[in-house]
Number of protein chains: 2
Amino acid sequence: MTKSFVYTASIQDYLKHIYLLLERGEAVTTTALAQRLKVRPASVTGMLRRLARSEPPLIVYQKHRGVMLTEAGKRAALEVIRHHRLIETWLVQSLGYSWDEVHEEACRLEHVISEQLEARLASLLGNPAYDPHGDPIPDQDLNLPPDTTLPLASLRPGQQGRICRVQSEQKELLRYLEQKGLRPGVSLVVVDYSPFDGNLTILPQSPDASPFVIGLAVSLKVFVEVLP
Amino acid sequence: MTKSFVYTASIQDYLKHIYLLLERGEAVTTTALAQRLKVRPASVTGMLRRLARSEPPLIVYQKHRGVMLTEAGKRAALEVIRHHRLIETWLVQSLGYSWDEVHEEACRLEHVISEQLEARLASLLGNPAYDPHGDPIPDQDLNLPPDTTLPLASLRPGQQGRICRVQSEQKELLRYLEQKGLRPGVSLVVVDYSPFDGNLTILPQSPDASPFVIGLAVSLKVFVEVLP
DNA sequence: CAAAAGATTTAGTCATACCTGAATTCTATT
DNA sequence: AATAGAATTCAGGTATGACTAAATCTTTTG
Ligand SMILES: [Mn+2]
Ligand SMILES: [Mn+2]
Ligand SMILES: [Mn+2]
Ligand SMILES: [Mn+2]
């Protein structure tokens with residue numbers, strides 16, 4: 001079946017980042033990939049050629065135009081992403097890691113766990129649909145739930161939302177949010193909005209919380225479901 | 001401190017197998033290593049040179065004579081072995097693997113887990129001293145318990161022993177032993193011995209067990225503590 | 001003890017899998 | 001059509017480690 005893991009860790013990383021860029025609607029440019037992968041653009045071009053020429057092809061690549069994942073490429077990407085997010089979930093739920101500590105560890109382990117371990121891990125954790133950051137975990141067949149979230153930055157005074165996801169691997173940001181009580185599952189109300197700077201004043205819906213202000217740098221990375 | 005994991009997976013594997021050969025009192029020959037590592041003898045010689053010249057040196061190597069681990073080499077070997085055995089224990093205790101399924105998985109994971117993960121895993125498992133095969137797990141400081149076991153093959157009729165360890169990665173052998181009820185912790189009595197072929201007739205000390213015969217191929221790989 | 005057998009090492013290559021800087025070419029913008 | 005910026009090509013480099021074949025050493029044996 002899924003003859004997935006003939007791929008090197010490096011190839012898996014390229015595919016993963018291509019997928020993540022596509023998912024966020026960002027342009028999959030050579031430079032964007034180079035930045036994320038911490039290599040030079042020339043290296044990216046080289047790898048894109050190889051991914052496009054591999055058998056089966058993992059991407060469709062038109063020079064200077066852009067990159068799309070083929071079915072095989074998408075599958076391989078989702079495989080790694082499933083591994084990554086399951087591992088993160090495991091580290092938090094079973095081993096007592098905090099959500100800012102799990103990323104690097106998952107980045108190394110994601111390439112070496114077997115499909116059997118993946119399956120057992122998923123079942124041990126109760127087949128979770130989301131990881132500790134609220135990132136959706138592709139299911140066994142690599143399907144993802146529909147995404148109905150919006151950036152917190154798009155809410156306006158009076159609107160209520162429930163935090164679903166924090167899209168960042170920055171340890172400091174994660175620790176800051178943790179400390180402010182802003183984690184997936186928490187509801188909040190927007191009580192004020194400053195135009196020009198985009199600051200939001202928010203009030204988490206917990207007994208002992210008081211309102212505070214967050215800037216765009218934060219509110220663009222926190223994703224919420226709007227509550228009626 | 002232990003600046004351990006600058007080493008490649010390949011180096012870790014060489015060191016691990018050198019340690020395991022030394023531990024079993026087997027000669028650490030070029031060919032023995034070549035067999036275990038599934039490479040040609042010339043490749044082993046090449047790597048031995050590198051291990052001996054590395055900074056710090058990981059082995060002491062005299063051409064045509066043999067190999068000893070330096071302190072640094074021994075430490076690195078024990079690190080990997082600790083990882084391997086902790087992972088095996090985890091796979092069996094937390095994930096429901098059987099003891100014949102864990103080896104390959106552990107062989108891949110042992111090279112990529114962090115010291116933090118190692119520590120948390122150990123603590124989750126209650127700092128186990130032995131893995132599912134009865135192999136001792138080096139503790140945090142890489143110390144091993146003294147080994148007081150003998151091969152089952154060395155017992156004679158009338159002697160009682162408790163199985164402590166099965167030194168084999170052969171799936172079939174492990175499954176066979178499992179099915180015969182021979183696993184670490186189980187006590188048995190030797191009821192007969194055939195000279196020349198070395199066959200032993202043994203009786204496990206469990207209510208519904210009956211005596212059966214095992215050959216040297218098996219009894220040399222099962223290690224027991226002799227009971228009074 | 002000398003020769004043969006067996007084990008090990010040397011020497012020289014090969015392979016894989018990337019990554020890189022510099023020069024070039026393409027695309028988009030004005 | 002000029003230009004800036006992005007992307008690509010090119011030629012080369014690095015890092016690891018494996019391999020074959022021939023040479024050399026060690027051990028065994030007649
Ligand atoms: Mn998988
Ligand atoms: Mn995550
Ligand atoms: Mn360790
Ligand atoms: Mn074991």
Side-chain angles (χ1 to χ4, degrees), chain A residues 4-18 21-22 26-69 73 76-77 80 107-108 110-112, chain B residues 4-18 21-22 26-69 73 76-77 80 107-108 110-112:
Chain A
S4 312
F5 283 87
V6 283
Y7 305 125
T8 65
S10 183
I11 287 180
Q12 290 180 28
D13 281 335
Y14 274 88
L15 293 173
K16 179 176 72 172
H17 282 109
I18 291 168
L21 283 171
L22 286 171
E26 294 177 38
V28 186
T29 60
T30 303
T31 22
L33 282 171
Q35 272 178 5
R36 284 168 158 260
L37 294 159
K38 298 184 209 301
V39 296
R40 313 262 119 215
S43 314
V44 173
T45 305
M47 180 60 101
L48 292 182
R49 284 194 37 155
R50 292 171 50 208
L51 295 177
R53 274 161 179 53
S54 95
E55 186 46 54
L58 297 169
I59 63 173
V60 177
Y61 168 49
Q62 290 188 277
K63 289 176 194 175
H64 296 281
R65 282 292 136 87
V67 170
M68 282 302 303
L69 288 167
V80 193
C107 275
R108 274 174 293 114
E110 65 190 7
H111 307 296
V112 298
Chain B
S4 311
F5 282 87
V6 283
Y7 305 124
T8 65
S10 184
I11 288 179
Q12 290 180 28
D13 281 336
Y14 273 90
L15 293 173
K16 177 176 74 171
H17 283 109
I18 291 169
L21 283 170
L22 287 170
E26 293 177 37
V28 186
T29 61
T30 303
T31 22
L33 283 171
Q35 271 179 6
R36 283 167 161 261
L37 295 158
K38 297 184 209 304
V39 296
R40 315 258 115 222
S43 312
V44 173
T45 304
M47 181 60 100
L48 293 182
R49 286 196 38 173
R50 292 172 50 206
L51 295 177
R53 274 162 178 53
S54 96
E55 186 45 53
L58 297 169
I59 61 172
V60 177
Y61 168 48
Q62 291 188 278
K63 290 175 194 175
H64 296 282
R65 282 293 135 86
V67 171
M68 281 304 301
L69 289 168
V80 193
C107 275
R108 276 175 291 113
E110 65 190 7
H111 307 296
V112 298

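The structure presented is a predicted model; accordingly, all values stated were derived computationally and were not measured. So that the names make sense, note that chain A is the first sequence line, chain B the second, and so on, each numbered from 1.
Between A:L58 and A:Y7 there is a side-chain heavy-atom pair separated by less than 4.5 Å. At least one side-chain heavy atom of A:P57 sits less than 4.5 Å from a side-chain heavy atom of A:E55. A:D13 has its side chain within reach of A:H111: a pair of non-hydrogen atoms, C-beta onward, lies under 4.5 Å apart. Residues A:V67 and A:V60 have side chains not in contact (no heavy-atom distance under 4.5 Å, counting atoms from C-beta outward). A 4.5 Å side-chain heavy-atom check between B:I18 and B:L69 finds at least one atom pair inside the cut-off.
Straight-line distance from the CD atom of A:Q62 to the C1' atom of D:dA6: 17 Å, rounded to whole Å. Atom-to-atom, CZ of A:R65 to C1' of D:dA6 comes out at 13 Å; the value is rounded to the nearest Å. Following rounding to the nearest Å, A:L48 (CG) and D:dA7 (P) show an atom-to-atom distance of 10 Å.
Annotation for B:K16 and B:C107: closest pair NZ-SG, 3.8 Å, computed over non-hydrogen atoms.
Residues forming a side-chain contact (heavy atoms from CB on, under 4.5 Å) with A:R108 (at least two apart in sequence, or on another chain): A:E105, B:V112, B:S114. Applying the side-chain contact (heavy atoms from CB on, under 4.5 Å) test to A:A32 and every residue at least two apart in sequence or in another chain returns A:L21, A:T29. Annotation: side-chain contact (heavy atoms from CB on, under 4.5 Å) contacts of A:A52 (sequence neighbours excluded): A:I59, A:Y61. A:R53 is linked by a side-chain contact (heavy atoms from CB on, under 4.5 Å) to A:R49, counting only residues two or more places apart in sequence or in another chain.
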Candidate pair A:L51 and A:L15, rule side-chain contact (heavy atoms from CB on, under 4.5 Å), full reasoning
CA-CA 9 Å; A:L51 295 177; A:L15 293 173; 4.2 Å; yes
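Near-neighbour residues of DNA chain C inside residues 53-61 of chain B, defined by a heavy atom below 4.0 Å, number-ordered: B:Y61.
If you check every strand for non-hydrogen atoms under 4.0 Å, B:T45 touches a base.
If one axis is set at each end of the helix from C:dC1-D:dG30 to C:dT30-D:dA1 from five pairs, those axes are 10° apart, to 10°.
Contact footprint of chain B on DNA chain C: nucleotides with an atom under 4.0 Å from a non-hydrogen protein atom, first to last in 5' to 3' order, C:dT8 to C:dT10.
Within 6.0 Å of the CD atom in A:Q62, the count of heavy atoms belonging to other residues, nucleotides or ligands does not exceed 12.
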Each nucleotide in nucleotides 17-23 of chain D should get exactly one letter: B, S or -. Can you fill that in based on protein heavy atoms under 4.0 Å?
SSBBB--
Anything under 3.5 Å between a donor and an acceptor, one on a side chain of residues 39-48 of chain A, the other on a protein residue two or more places apart or in another chain? List them.
unit_1	atom_1	unit_2	atom_2	d
A:S43	OG	A:R40	O	3.4
A:T45	OG1	A:P41	O	3.3

